[in-house]
**Student:** 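Pasting a structure here, questions to come.
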Amino acid sequence: MTTKYSYFPGCSLKGIGRAYEESLLPVLRALDVELEELEDWNCCGATAYMAIDEVKACVLASRNLAMAEKLGHKELVAPCSACYLVLNKTKHYLQDSPAVRGVIEKALAEVNMTYSGNTPVRHPLDVMIHSIGLDAIKQRVKRPLTGLKVAPYYGCQIVRPYSTFDDQYNPTTMDRLLEAIGCTIVHFPLKTRCCGASLTGTLPEPGLLCARDILAEAITRGADLIATVCPLCQFNLDGYHDKIAKKWGPHRIPTVYFTQLMGLAFGLGERELGLHRGFVPMQPLPAPVPVGVGV
Amino acid sequence: MSKPKVAFYWCASCGGCEETVVDLAEDILGVVEKVDIVLWPVAMDFKYKDIEAMPDKSITATFLNGAIRSTEQEEMARMLRRKSVFLIAYGACAHTGGIPALANQFPREQILKFNYEDAPTLVPGEKTRPQLSCTEDGRTVTLPQLHNVVRALDQVVDVDYYVPGCPPTPKITRAAVDALLSGNLPPKGTVIGPDHALCEECERKDTKPDKWDFVEFKRPHQKLMDEKCFLAQGVVCMGPATRAGCEAACTSGGMPCTGCFGGTSRVRDQGAKILSSICSNLAAKEEDEIDKTLAGIPDPVGTFYRYGLAKSILRRKLNLPSNP
Amino acid sequence: MKIERTIKYEADRVKGFGDEVSSVPGCEKLQACIQCGTCSGVCPLSIYMDYSPRQVMAMVRSDFKNEVLTSHTVWLCASCYQCTVDCPREIRITDIMYELKQRALQEGIYPKKFSIPVLAKEFYKMVYRYGRVSENLLAMTMFLKSSPLEALKMWRLGLGLILRGRFPLTLEKIKRRDELGRMMKVVDQVKINKLHDELKQARQHVAARSQA
Amino acid sequence: MDKPSKQTVRIGFYICHCGSNIAAMVDCPAVARFVGTLPHVVLSRDYKYMCSDPGQELIQKDISEHQLNRVVVASCSPLLHEHTFRGAVEAGGLNPFFFHMVNIREHDSWVHTDPAEATAKAKELAHAAIMRVAMHKALEVKKVPVHPDVLVVGGGIAGIHAALTLANAGKKVFLVEREPSIGGHMAQFDKTFPTLDCAACILTPKMSAVGTHPNITLLSYSEVTKLDGYVGNYTATVKRKPRYISEDKCTGCQECIANCVYKEPKFPDEFNEGLGKRKPVYIPFPQATPQVVVIDPQTCLNFRNGELTGKCKKSCVAACGDKEAIDFSQTETFQELKVGTVIVTTGFQAFDAKRMPQYGYGKFPNVYTALEIERLVNTSGPTAGHVVLRDGKTEPRSIGIIHCVGSRDKKTNRWCSRVCCMFSLKLAHLLKEHTGAEVYNFYIDMRAPGKGYEEFYDKLLEEGVHFIRGRVGEVTDWARTPDEEGKLVIRVEDTLAGYVRRIPFDMVVLATGLEPHADAQDVRRMLNMSCGSEGFFLERHPKLAPVSTFTEGIFLAGCCQGPRDIPDTVAQAGAAAAEALALIDKGFIEQEPNTAFILEDECCGCKSCIPLCPYTAITFDAANKKAVINEALCKGCGTCVAACPSGTIVQNLFDDEEIFSEIEGVLAHE
Amino acid sequence: MSNEWQPRIVAFFCNWCTYTAADLAGVSRLKYASNTRVIRLMCSGRVDPQFILDALAKGADAVLIGGCHPFDCHYAEGNYKCLRRFQLLKRMLMDMGIEAGRLRLEWISAAEGEKVKRVINELTETVRQLGPLGIPQQFAEWDKEMEQFAAHVEAGEALKTPCAEHAPTQEPAHV
């Protein structure tokens with residue numbers, strides 16, 4: 001039976017992070033999960049907006065939350081880490097600060113909306129591990145990615161500051177997920193270290209150094225590629241290789257969404273999964289090993 | 001020496017107390033022999049003006065039953081107080097407010113509205129309310145007015161002795177009369193009757209277990225074992241918090257004690273004490289469980305203050321809307 | 001060699017600044033800082049900062065407002081929340097950094113020609129106008145406003161994005177754009193000072209509750 | 001002495017300034033003037049220090065000069081000085097219970113900020129006391145004999161010292177220790193700071209003294225499971241765990257160990273923090289007391305999952321021979337002890353370093369806890385004092401010691417563990433001495449406030465140990481520079497130099513803090529003690545009664561009350577022993593006469609009260625059909641009094657009428 | 001001290017936990033509202049519902065009971081007995097027209113000086129919101145309906161008719 005969730009894509013998944021959406025939706029569909037996109041959603045109010053006005057950021061987020069609640073599915077899925085955090089942070093403010101809550105309620109009332117604070121906001125990784133479950137995922141694998149060595153990179157905002165579904169210091173949900181589809185996980189100490197994405201555009205050096213450190217460590221640890229859960233991380237680790245090379249020498253290693261890897265394992269096509277959209281292309285996979293044919 | 005003058009009077013009450021006097025049966029004759037009854041509305045015809053005309057303190061003792069509910073009752077109470085040497089609050093209503101005092105949970109207007117407008121036994125739509133005064137054929141008839149608050153007798157006038165019970169038993173009545181006649185009087189303010197709780201004289205006392213541990217409360221109609229302590233069966237019985245003296249009439253008749261004799265002299269609020277005792281002995285420990293068990297006492301005020309609301313510490317429901 | 005005085009006189013302080021910041025929800029625990037340096041130790045960007053996060057905490061607490069608001073540190077914070085998670089005093093350092101960014105923008109005190117505040121402002125405007133952000137357009141605007149030369153250097157990246165279909169040429173907009181405007185107006189109507197008072201009360205309430 | 005009738009009640013009222021503690025907030029003369037106007041008050045005074053000798057003498061003098069028969073003192077908490085003033089009243093010739101105390105310091109002047117409000121409150125509280133004291137009755141203090149034997153719970157240095165002190169004073173002591181040997185944490189230490197004398201050298205003589213002392217009964221491998229009774233008359237139930245060795249028969253020859261079917265030690269050795277190995281039959285450490293081996297049913301082949309199977313060939317039994325000390329049939333037994341007082345010295349547990357994943361303990365083999373290092377540098381330790389990494393051969397060339405692990409952190413433990421700075425310095429010294437490595441200490445604040453401690457810190461600075469003020473952010477194996485490769489990198493802000501630094505190390509030592517035992521709450525409940533919010537046992541008063549608890553006759557010493565070092569622990573153990581001695585030598589306890597009694601004639605025998613008493617002090621007299629309270633068992637909680645539906649139970653000192661008067665008094669003013 | 005109405009709260013604290021916690025609050029110099037008057041009992045189990053009713057009837061605006069935490073009672077289970085009475089008493093008080101917020105039971109251990117401060121401040125604030133309970137004033141108000149008679153009696157006048165004289169002034173008719 002198909003399970004339905006509300007879906008908040010966020011701006012990036014419509015732009016630089018298109019491949020994330022392109023891979024996420026079919027993978028979930030293969031797992032009998034349907035995402036229904038919020039009608040007329042707006043920017044979540046993420047990082048840069050928070051710098052201007054935190055209360056307004058919360059108000060922005062609350063409009064989305066209110067619409068999600070109205071849509072009636074029990075939970076809201078937000079794949080972008082920044083959106084995920086801001087939506088959750090808004091929920092925390094609503095709970096902890098009657099003043100902020102008051103402002104939000106007034107602003108929502110202005111446009112005839114209400115939000116009771118009930119709709120949980122979840123990351124696709126959380127949904128896959130804790131709601132769909134590894135067994136169901138394993139059953140869907142047609143082409144195990146055996147031999148593919150992956151550096152699992154979680155980035156910051158899905159584990160911090162709230163520890164919602166995984167360990168803050170050593171998250172393992174993606175490790176387990178990728179192992180389930182056949183990948184080999186390399187020991188990766190920089191799993192949750194900041195990729196610098198929010199700075200790369202404005203202060204290239206610090207931002208790029210953060211990215212370089214992650215790329216370099218993944219290469220050192222013998223990974224074939226980096227798997228990520230956030231469109232901003234993906235862009236930052238993937239889009240600036242020439243600049244990084246200019247400063248610190250080449251660090252070429254592809255960065256893909258974990259959903260793209262799952263799609264491959266489920267037997268979906270590379271183009272279908274948006275793999276052509278990366279700057280550093282992923283090496284072709286070894287010939288598929290037929291499953292369940294009694295090899 | 002002339003015979004002592006005795007008066008009986010009847011305020012807000014059911015009349016049962018008056019019956020008790022009659023219930024003295026043969027004894028009544030003995031009493032009548034020894035006293036002059038100057039006022040006894042239930043049995044003889046006397047006029048107010050006769051009493052009014054009597055000099056102050058000319059009545060030796062007045063047995064007044066019933067709560068003070070109306071202006072007329074208040075006036076009579078005050079007048080009889082003036083005319084009597086001893087004023088005796090006779091019966092639960094005069095003693096602690098009695099059943100009429102349960103009205104202290106409601107505003108007067110609500111009571112009048114129900115009784116004269118909304119009660120299902122009334123002619124629909126008629127909504128006739130009695131007038132305080134009415135002039136017809138050039139003559140004005142007046143009616144007393146209800147007070148907002150129902151009071152025990154001693155909340156209106158000074159009381160010398162109390163004879164508890166709803167109604168007082170003949171035995172206790174007799175004891176009071178004898179005390180008066182013999183002149184062997186207890187200290188002023190004494191409640192005539194033993195000063196221990198009812199269990200002492202209850203037949204079911206021996207069946208009481210050492211541990212109660214209430215897990216649920218039952219109503220008296222739920223198949224109960226005869227002879228066994230009501231509390232042991234989970235039925236609220238006011239016996240432990242109620243003054244003895246009735247010879248356990250109710251419990252031997254198959255009903256739990258409802259507390260008409262009031263608390264002992266050491267207790268200021270009978271309802272609070274039985275509440276304390278019963279709740280202390282619940283089995284539950286968690287708030288939810290406690291509430292679940294206590295849901296078996298849906299009306300604590302009506303249960304614990306059936307006869308004593310007027311004389312309870314709080315006396316009346318607070319913050320009731322006052323009358324227009 | 002340019003030599004500046006480094007001693008601070010009382011007149012250099014903006015008294016009350018520290019108290020003001022720590023009365024904002026999320027910033028309350030600032031006063032509890034023990035200057036252990038964990039925040040700086042875990043911060044991935046601290047290597048580029050002119051003042052370490054620990055120093056910023058001390059400076060805010062001691063009312064060195066101008067020094068803090070002109071420091072690079074505030075703008076280098078990438079919101080990774082590592083310091084917030086690791087702080088032994090449960091100070092929400094990232095949120096304090098947000099608060100400082102907001103104050104810098106409100107007061108117009110921030111490093112000149114520094115593109116991060118520009119980005120933040122443009123981001124804000126774009127959301128206000130369209131309800132969503134078109135990242136590439138945003139980046140272009142930002143470079144044009146801060147350093148046009150940088151924008152030219154970015155052409156290769158832009159082209160790459162267009163080729164990979166990651167640079168939508170249409171502008172993302174929401175349908176009911178008026179709604180956002182009206183909502184923001186409501187927020188503006190709530191007087192900021194009054195809000196702060198309420199927030200302060202709320203904070204005490206929350207603190208009291210969390211102790212329970 | 002009979003209660004005077006209301007007309008003859010003559011009350012003296014005294015309000016104490018307590019220096020400025022009260023007077024700065026409460027207008028004491030105004031309160032005194034006000035109270036002077038109340039009925040029955042014969043005189044009303046304010047005075048600087050009522051608890052001083054002149055203050056007490058003033059009361060005594062007034063009692064005789066003004067024929068006072070009631071006294072009220074408004075000053076500090078009755079928990080502090082009620083006893084003092086009752087004494088003064090008694091010395092003045094009155095029954096001591098014709099006294100009531102008003103707390104206007106802890107409950108008023110110290111907690112309020114408006115002098116007018118504080119003064120008004122003081123007046124109301126005083127008024128209540130005046131009304132209450134008028135109702136007071138003369139009461140007799142009951143004297144109960146004190147059993148002279150003492151129970152000491154926990155055999156670390158605190159328990160050992162307390163037991164020896166009492167035993168040397170001729171008292172019988174039961175020392176209960178849950179491990180197979182006494183010695184506690186101190187036995188694991190190598191050297192002690194700041195003198196660097198060997199821990200074993202100072203501890204083991206005391207341990208063997210315990211083992212041989214005629215006045216001490218040592219119950220090792222045992223736990224107290226229940227404590228009944230009251231001060232002077234406790235009954236403790238002790239669970240004796242089976243060690244499968246008869247303590248009477250074992251001579252400590254250890255032949256059984258040598259002949260165990262396991263030729264080599266195979267199982268992690270608790271005493272060495274798992275760094276060494278032991279056999280299933282073992283003696284925890286060479287100087288263990290008692291010198292009796294123990295068999296671990298989890299690892300012994302004669303058991304499976306702790307259940308006896310008899311499947312081993314039992315070479316140990318053969319080796320024991322005629323001594324027949326090995327007894328596989330042993331089971332848990334329980335023993336009851338009668339004692340008068342109890343000293344609780346249950347110690348601490350070290351913080352579990354895995355709770356701070358950023359420091360990598362359990363993930364990186366060369367991250368150690370401080371206790372592991374204690375064993376590593378110890379010559380009788382698993383490596384014979386040779387400091388090597390976990391690979392068993394490499395000597396560390398660089399060592400980083402991280403302070404405050406699990407201390408001063410709201411996410412773990414908020415408190416400062418007090419000893420970590422000093423043991424870190426000690427370990428820095430020992431590690432440098434053993435290896436010549438570069439040693440770094442990472443600290444937040446250096447806390448060296450004991451005798452000779454600062455001097456020790458000086459010495460370390462001069463020895464060339466590095467000190468970096470900064471709490472370490474993380475320990476990682478992520479190398480950014482070539483010289484970091486293969487090392488553990490510490491990332492930290494050097495807050496004094498103002499730089500964020502990355503420093504590579506071969507070995508990282510975590511100075512783990514001290515915290516209450518995981519089962520401290522159970523112990524606390526069993527012994528009816530209180531805990532502070534952090535979980536350490538609570539002393540009655542931090543300054544005036546630091547080793548007493550809120551339960552009479554139960555005393556505390558050592559780290560179960562809070563982190564402390566060995567000198568402080570020993571001092572406290574001595575103090576606890578002295579408190580117990582004082583009770584024993586006095587020979588009796590004066591019991592507060594706040595017991596309840598039932599008015600015999602009035603009781604109707606409803607039995608409402610009987611199940612309410614947790615001490616079964618209320619019984620039903622079947623002949624009279626009335627309930628009766630056994631005053632000796634009553635502890636004076638008053639629960640039955642509140643529940644008696646006919647008001648027939650009376651509690652001395654907390655009589656209904658006394659409390660009603662107090663209620664009336666506090667509400668007497670608009 | 002301001003002249004405006006101040007809430008009056010009577011607190012019953014058990015000797016072992018809450019009273020000690022209040023002492024700790026003092027030793028720690030915590031500051032809290034001065035409206036609470038503490039009456040020390042040995043155990044929260046000693047709190048007789050009569051005390052609570054009596055305090056309210058004598059003019060308290062609220063009653064606070066402080067006892068040891070569950071399982072921590074110095075007398076094993078006195079606090080449970082208190083809790084059970086409290087649950088029904090609170091319901092009964094509501095039936096009698098007294099807001100639930102005026103009766104509060106808190107478990108406060110000897111270490112929780114901060115909680116004493118918080119609870120007292122919260123309760124003071126709650127009561128401030130609720131306003132005065134004023135039972136003594138209500139008693140006086142109720143008894144006014146009898147004053148007229150009393151005056152007549154004082155004056156030694158007999159009333160000619162039972163109520164004609166006063167009825168119109170008090171209430172025109174039961175309409």
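Throughout, a chain's letter reflects where its sequence line sits, starting with A, and its residues are numbered from 1. Any value given below was found using the heavy atoms of this structure, including those in side chains, with hydrogens, waters and symmetry copies removed.
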**Student:** Under the 3.5 angstrom rule, does the side chain of E:R8 hit a backbone N or O of D:L667 as a donor-acceptor pair?
**Tutor:**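 Answer holds: yes.
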**Student:** For D:C640, does its backbone N or O pair with a side-chain atom of E:K81 as donor and acceptor, under 3.5 Å?
**Tutor:**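 Judged by distance alone, no pair lies under 3.5 Å.
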**Student:** E:C73 versus chain D, heavy atoms under 4.5 Å apart: side chain, backbone, both or neither?
**Tutor:**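 Answer is backbone: N, CA, C or O of E:C73 sit under 4.5 Å from chain D.
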**Student:** Who wins among E:T36, E:L41, E:D72 for the most heavy-atom pairs under 4.5 Å with chain D?
**Tutor:**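 Option with the top pair count is E:D72.
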**Student:** Using non-hydrogen atoms and a 4.5 Å limit, figure out which bit of E:I39 sits close to chain D: side chain, backbone, both or neither.
**Tutor:**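 Both parts, backbone and side chain.
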**Student:** Search all heavy atoms of E:Y75 against all heavy atoms of D:P614 and return the closest pair with its distance.
**Tutor:**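 Minimum heavy-atom separation between E:Y75 and D:P614: O-CG, 3.2 Å.
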**Student:** So which residue, D:T113, D:L612, D:L538, D:N594, ends up with the most heavy-atom pairs under 4.5 Å with chain E?
**Tutor:**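 Highest number of heavy-atom pairs under 4.5 Å: D:L612.
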**Student:** For a quick check under 3.5 Å, do D:N103 and E:D23 share a side-chain donor-acceptor pair by atom type?
**Tutor:**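 Judged by distance alone, the side chains do pair up.
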**Student:** Any non-hydrogen side-chain atom of D:Q521 less than 4.5 Å from a side-chain atom of E:F71?
**Tutor:**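 The answer is no, as the side chains (C-beta and beyond) never meet within the 4.5 Å cut-off.
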**Student:** In terms of heavy-atom proximity below 4.5 Å to chain E, should D:D656 be classed as side chain, backbone, both, or neither?
**Tutor:**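 Interface part for D:D656: both.
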**Student:** With respect to chain E, which residue among D:R132, D:E592, D:Q651, D:R105 yields the maximal number of heavy-atom pairs within a distance under 4.5 Å?
**Tutor:**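 Heavy-atom pairs under 4.5 Å are most numerous for D:Q651.
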**Student:** At a 4.5 Å cut-off on heavy atoms, which part of E:R85 comes close to chain D: side chain, backbone, both, or neither?
**Tutor:**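 Contact with chain D: side chain only.
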**Student:** Counting only heavy atoms closer than 4.5 Å, note whether E:N35 contacts chain D via side chain, backbone, both or neither.
**Tutor:**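 Contact with chain D: none, neither part.
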**Student:** For chain D, which candidate among E:G59, E:A22, E:S44, E:A57 shows the most heavy-atom pairs at distances under 4.5 Å?
**Tutor:**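 Option with the greatest count: E:A22.
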**Student:** Any side-chain heavy atom of E:H74 sitting closer than 4.5 Å to one from D:T551?
**Tutor:**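 Contact flag for E:H74/D:T551 side chains = yes.
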**Student:** For the backbone of D:F660 and the side chain of E:K58, can you confirm whether one donor and one acceptor N or O come within less than 3.5 Å of each other?
**Tutor:**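 Judged by distance alone, no pair lies under 3.5 Å.
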**Student:** Checking the side chain of E:R46 only, and the main-chain atoms of D:F654 only, is there a donor and an acceptor separated by less than 3.5 Å?
**Tutor:**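 Yes, E:R46 side chain to D:F654 backbone: donor-acceptor pair under 3.5 Å.
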